[in-house]
Amino acid sequence: DFTDQSQGMLMLYTLKNPSFPEYVFSSQSGVMCLDFHNDHPHLVVVGFYDGNVAIYNLKKASSQPSYKSGAKSGMHTDPVWQNELVHTDVIKLPAEGTMPEDLQLQVLGSGRSFDFHKKIDHLFLVGTEEGKIYKDSIVYDLKTAVGDVAWSPYSSTVFAAVTTDGKAHVFDLNVNKYEALCSQVVVDKKKNKITHIQFNPVHPVVIIGDE
């Protein structure tokens, strides 16, 4: 049961012995993602289901991480799907139509996916539970929950999104800033949900994954 997770494990293999891991690290929470340092491959960063991030140093004999975030040092409020060591409040997502107007409470929307522009560091996209995509101050409404968004690596104006109604949407801001160039049904929304989309780094092809 994905929602009832307990302990996790990080296992690293070598091609010298692919049948058994060379490094095994146990954790109190399930491991959702990991990545190696580009310049120091002995450092591995891991994102956990409980919202924490940890760094393991393979040169040390210790089974404990060299660094782990916490409530005081900063942690995510949801599972870490991709790694980011610094927590910063960048944008507050409004939840429209969820509370009466006379109730003076700050209600925030639920972000489901996030991706930075490949060349412009400060530019990013956020997909929300309400079906909206935020790009700085521009809002794209796809009318249903957004499973994932991704910038094209070969065009600074092209990005794509997948929604839980089984569709993939491709935008080109240079052609139309407000509507998708195309929207295509990929899976039957009654049977499955799309959870990920990624561009090929060279060719105009996307790969899409579902549940």
Side-chain angles (χ1 to χ4, degrees), residues 1-91 93 108-118 121 124-129 145-151 153 160-164 187 192-201 206-211:
D1 186 356
F2 179 78
T3 61
D4 185 25
Q5 295 207 20
S6 55
Q7 296 182 340
M9 187 171 291
L10 168 65
M11 294 177 289
L12 302 174
Y13 292 80
T14 172
L15 295 179
K16 296 178 181 178
N17 184 13
S19 61
F20 193 81
E22 186 169 344
Y23 298 92
V24 178
F25 302 96
S26 298
S27 60
Q28 296 179 347
S29 180
V31 177
M32 304 302 298
C33 57
L34 62 87
D35 199 6
F36 287 89
H37 194 287
N38 290 334
D39 300 321
H40 307 286
H42 62 280
L43 298 178
V44 183
V45 63
V46 175
F48 295 105
Y49 180 79
D50 63 3
N52 280 307
V53 175
I55 298 176
Y56 291 88
N57 188 343
L58 303 184
K59 290 185 176 181
K60 294 184 178 180
S62 174
S63 61
Q64 299 300 315
S66 299
Y67 168 84
K68 185 177 182 181
S69 63
K72 293 183 178 180
S73 60
M75 61 179 292
H76 294 75
T77 56
D78 284 312
V80 181
W81 299 99
Q82 290 180 326
N83 293 300
E84 174 58 50
L85 294 181
V86 179
H87 75 290
T88 304
D89 293 333
V90 178
I91 184 174
L93 307 175
L108 299 179
S110 177
R112 290 287 300 270
S113 52
F114 181 89
D115 194 22
F116 273 101
H117 195 284
K118 296 300 183 290
D121 293 339
F124 61 91
L125 297 173
V126 180
T128 70
E129 182 75 31
V146 178
D148 194 20
V149 291
W151 280 107
V162 289
T163 48
T164 54
V187 298
N192 215 335
K193 293 181 180 180
I194 304 176
T195 58
H196 192 64
I197 184 169
Q198 187 69 48
F199 280 88
N200 182 287
V206 292
I207 186 170
I208 295 174
D210 60 22
E211 289 183 321

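Counting from 1, the numbers follow the sequence of the chain as shown.
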For [X] versus [Y], what's the shortest heavy-atom pair and its separation?
{"X": "Ser63", "Y": "Tyr56", "result": "O-CE2, 4.0 Å"}
{"X": "Val31", "Y": "Phe48", "result": "CG2-CE2, 3.8 Å"}
{"X": "Glu22", "Y": "Thr14", "result": "OE1-CG2, 2.9 Å"}
{"X": "Asn57", "Y": "Ser66", "result": "CB-OG, 3.4 Å"}
{"X": "Thr164", "Y": "Lys193", "result": "O-CG, 4.1 Å"}
{"X": "Cys33", "Y": "Val80", "result": "SG-O, 3.2 Å"}

Contact check, side chains of [X] and [Y], non-hydrogen atoms, under 4.5 Å:
{"X": "Phe36", "Y": "Leu43", "result": "no"}
{"X": "Val45", "Y": "His37", "result": "no"}
{"X": "Pro65", "Y": "Ile55", "result": "no"}
{"X": "Ile197", "Y": "Ile194", "result": "no"}
{"X": "Val24", "Y": "Met11", "result": "yes"}

Aromatic ring pairing Phe25/Tyr23, orientation class (parallel under 30°, perpendicular over 60°, tilted between):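 Rings of Phe25 and Tyr23: parallel, under 30°.
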
What is the distance from atom [atom1] of [X] to atom [atom2] of [Y], rounded to the nearest 0.5 Å?
{"X": "Met32", "Y": "Asp50", "atom1": "CE", "atom2": "CG", "result": "10.5 Å"}
{"X": "Leu125", "Y": "Asp148", "atom1": "CG", "atom2": "CG", "result": "10.5 Å"}
{"X": "Tyr49", "Y": "Gln7", "atom1": "OH", "atom2": "CD", "result": "15.5 Å"}

